[in-house]
Peer 1: 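Before I ask anything, let me first share the structure, which is written out below as structure tokens.
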Amino acid sequence: MASRCWRWWGLSAWPRTRLPPAGSTPSFRHHFSTQEKTPQICVVGSGPAGFYTAQHLLKHPQAHVDIYEKQPVPFGLVRFGVAPDHPEVKSYGAEDHRALEIPGEELPGVYSARAFVGWYNGLPENQELEPDLSCDTAVILGQGNVALDVARILLTPPEHLEALLLCQRTDITKAALGVLRQSRVKTVWLVGRRGPLQVAFTIKELREMIQLPGARPILDPADFLGLQDKIKEVPRPRKRLTELLFRTATEKPGPEEAVRQASASRAWGLRFFRSPQQVLPSPDGRRAAGVRLAVTRLEGVDEATRAVPTGDIEDLPCGLVLSSIGYKSRPVDPSVPFDSKLGVIPNVEGRVMDVPGLYCSGWVKRGPTGVIATTMTDSFLTGQMLLQDLKAGLLPSGPRPGYAAIQALLSSRGVQPVSFSDWEKLDAEEVARGQGTGKPREKLVDPQEMLRLLGH
Ligand code: NAP
């Protein structure tokens with residue numbers, strides 16, 4: 001009897017060809033065979049959700065799992081999405097970002113944080129971004145962890161990034177490091193439409209920002225008026241986070257910290273109660289020169305607290321705008337149900353609604369929130385549902401061709417997939433290139449170069 005196994009296939013013809021189901025929204029899976037003895041399972045997308053689901057499926061002693069990926073390299077946004085100075089985190093993903101839907105969003109100088117993160121992490125499709133960092137002030141719209149990641153990368157002194165390189169603590173691309181070295185950005189504003197009690201980032205990331213070498217925080221104590229009583233009522237993690245914000249905004253720094261702040265050449269600040277209305281053009285209309293913000297106040301309590309415009313507006317001048325208001329999954333294929341408003345595949349515990357044999361996990365299952373541990377638990381649950389259904393005979397019956405059919409389709413399209421052992425060669429090449437610079441790896445960012453190295 002065949003025993004369990006898994007294979008990974010990168011679709012080497014990037015970016016010209018994609019396999020159906022098109023795209024690579026992580027974590028959409030199809031069960032191709034229901035022969036209980038040797039279930040053949042296809043996983044589309046090889047980010048954390050894809051790999052964790054496969055890991056759980058391999059609990060079945062005879063499972064054959066094929067993982068497909070549109071990139072010629074595995075690991076999705078573990079490789080491309082996480083801050084390059086946070087090698088220990090490596091976490092999240094989705095194919096698109098939420099649009100601001102405000103005038104001026106298309107102006108040069110406005111980027112999505114997703115694209116910006118992809119750029120410094122070596123995502124092939126974002127290598128052309130070449131962000132212009134010649135301005136003094138950047139505005140990041142949104143106050144989540146991605147916003148803080150981007151602010152930290154923008155403000156980290158180049159020599160500090162170099163030091164991280166020397167101790168193999170970053171795999172930021174060479175090109176991005178070069179651009180960041182030349183950056184003139186001195187001030188970064190992170191703009192939130194709600195208040196200090198509603199920020200979406202976490203305490204670890206905030207603490208790191210507060211301690212960022214060469215940078216000082218700018219917080220307006222007026223934003224924190226009356227907050228002390230409310231802090232007492234909120235759950236502990238939010239309480240600790242808000243207390244840290246409160247202390248930073250209202251307490252005089254100790255002598256050492258005061259000296260550090262006085263000598264800091266860069267600054268970052270949180271602007272609360274401001275909702276983006278328009279990206280303002282420069283006088284010649286050729287690029288972004290600021291953001292028009294509606295001043296807001298809060299209505300409602302707890303989860304239902306929402307920002308309502310007061311009627312006042314404020315213009316914040318800047319030369320760079322980064323929109324960091326959340327990620328969004330894309331529809332994977334017309335045959336797969338998709339809720340485009342929520343950016344998820346409608347499902348019950350990972351079982352795709354009305355499509356027996358089809359499952360999903362990761363951000364396309366539950367929306368773009370949570371860290372790697374959340375995705376792991378969630379993916380194990382999807383794997384568990386599939387195996388349960390398999391055991392109960394609930395999957396469509398009849399033999400399915402599995403990888404043989406995919407292989408024939410690929411070959412008819414002239415696509416030679418990258419295998420996992422091919423990836424291991426690319427991996428070894430990246431590690432070898434990194435050694436010269438002290439980095440854990442120098443990422444290959446050009447798919448054509450990767451294919452050349454593999455002799456495809
Ligand atoms: P997020 O946590 O959902 O934060 C989005 C931010 O954008 C919020 O401040 C939100 O404010 C704001 N926003 C949304 N729509 C807006 C609009 N129309 N106008 C103005 N502001 C708007 O998203 P994220 O930062 O992209 O992070 C995604 C997930 O990845 C999160 O779960 C995050 O914790 C995780 N992540 C973790 C790490 C880490 O562990 N180090 C690093 C990066 C990301 P409202 O609250 O008012 O909607």
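Keep in mind that the numbers below use all heavy atoms, side chains included, and drop hydrogens, waters and symmetry copies. Because the structure is a prediction, the values reported are computed rather than measured. Both counts, for ligands and for their atoms, begin at 1 and track the order of listing.
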Peer 1: Does any N/O atom on Y327 come nearer than 3.5 Å to any N/O atom on ligand 1?
Peer 2: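 For ligand 1, there is no N or O atom that lies under 3.5 Å from one belonging to Y327.
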Peer 1: Is it true that E69 and R7 have a side-chain N and a carboxylate O under 4.0 angstrom from each other?
Peer 2: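 Between R7 and E69 there is no salt bridge, as every charged N stays at least 4.0 Å from the carboxylate O atoms.
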Peer 1: Using heavy atoms and a 4.0 Å limit, tell me yes or no: is R98 in contact with ligand 1?
Peer 2: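 Flag set, R98 near ligand 1.
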Peer 1: Considering both backbone and side-chain atoms of G370, is one of its nitrogen or oxygen atoms within less than 3.5 Å of a nitrogen or oxygen in ligand 1?
Peer 2: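 Yes; at least one N/O pair falls below 3.5 Å.
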Peer 1: Do D378 and K365 sit within salt-bridge range, that is, some charged N less than 4.0 Å from a carboxylate O?
Peer 2: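 Answer for the salt bridge query: yes.
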Peer 1: Under 4.0 Å from a heavy atom of W363: give me the atoms of ligand 1 that qualify, with their elements.
Peer 2: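 Close to W363: 28 (C), 29 (C), 30 (O).
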Peer 1: Between E257 and R260, is the closest basic N to carboxylate O distance under 4.0 Å?
Peer 2: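 A salt bridge is present here (some side-chain N lies under 4.0 Å from a carboxylate O).
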Peer 1: Do R181 and E162 meet the salt-bridge criterion of a basic N to acidic O distance under 4.0 Å?
Peer 2: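 Looking at R181 together with E162, the answer is yes, because their closest N to O distance falls below 4.0 Å.
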Peer 1: Is any N or O atom of N145, backbone or side chain, closer than 3.5 Å to an N or O atom of ligand 1?
Peer 2: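 Yes, at least one N or O pair falls under 3.5 Å.
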Peer 1: Polar-atom distance check: V146 versus ligand 1, any N or O pair below 3.5 Å?
Peer 2: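 The answer is yes, given that V146 and ligand 1 share an N or O pair closer than 3.5 Å.
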Peer 1: With heavy-atom distances below 4.0 Å as the criterion, list the atoms of ligand 1 near V371.
Peer 2: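 Answer, ordered by atom number: 37 (C), 40 (O).
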Peer 1: Please could you name the atoms of ligand 1 that P368 approaches to less than 4.0 Å, counting only its heavy atoms?
Peer 2: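 Here the atoms of ligand 1 in question are 28 (C), 29 (C).
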Peer 1: Using a heavy-atom cut-off of under 4.0 Å, does the side chain or the backbone of A307 touch ligand 1, or both, or neither?
Peer 2: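 None of A307 does.
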Peer 1: Identify whether the distance between the nearest side-chain nitrogen and carboxylate oxygen of R306 and E299 falls below 4.0 Å.
Peer 2: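 Yes, R306 and E299 are salt-bridged.
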Peer 1: Can a salt bridge be assigned to the pair D427 and R441 using a cut-off of 4.0 Å between side-chain N and carboxylate O?
Peer 2: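 Salt bridge between D427 and R441, a charged N being under 4.0 Å from a carboxylate O: yes.
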Peer 1: Using a strict cut-off of less than 4.0 Å between a Lys/Arg side-chain nitrogen and an Asp/Glu carboxylate oxygen, indicate whether E442 and K174 qualify as a salt bridge.
Peer 2: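 K174 and E442: not salt-bridged.
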Peer 1: Going by the order shown, which atoms of ligand 1 are within less than 4.0 Å of some heavy atom of D149?
Peer 2: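 Those atoms are 42 (C), 43 (C).
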Peer 1: Looking at E125 and K70, is there a salt bridge between them, counting it only when a charged N and a carboxylate O are closer than 4.0 Å?
Peer 2: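 Salt bridge flag = yes for E125 with K70.
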Peer 1: Just go through R114, Q143, R193 and tell me whose heavy atom is the nearest to atom 9 (O) of ligand 1.
Peer 2: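 Residue with the shortest heavy-atom distance to the ligand atom: Q143.
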Peer 1: Against ligand 1, does G192 come closer than 4.0 Å with any heavy atom?
Peer 2: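 The answer is no: ligand 1 sits nowhere under 4.0 Å from a heavy atom of G192.
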Peer 1: Examine R194 against ligand 1 and note whether any of their N/O atoms are separated by less than 3.5 Å.
Peer 2: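 Min N/O separation from ligand 1 is below 3.5 Å for R194.
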Peer 1: Is it true that R79 and D171 have a side-chain N and a carboxylate O under 4.0 angstrom from each other?
Peer 2: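 A salt bridge is absent here (no side-chain N lies under 4.0 Å from a carboxylate O).
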Peer 1: Answer yes or no for S275: is there a heavy-atom contact with ligand 1 below 4.0 Å?
Peer 2: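 S275: no contact with ligand 1 (<4.0 Å).
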Peer 1: Would you mind telling me if ligand 1 is within reach of the side chain of L141, the backbone, both or neither, using heavy atoms under 4.0 Å?
Peer 2: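 It is neither; nothing of L141 touches ligand 1.
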Peer 1: Under 3.5 Å between some N or O of ligand 1 and some N or O of E205?
Peer 2: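 Yes; at least one N/O pair falls below 3.5 Å.
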Peer 1: Are W6 and F420 close enough that their ring centers fall under 6.0 Å?
Peer 2: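 Yes - the distance between ring centres of W6 and F420 falls below the 6.0 Å cut-off.
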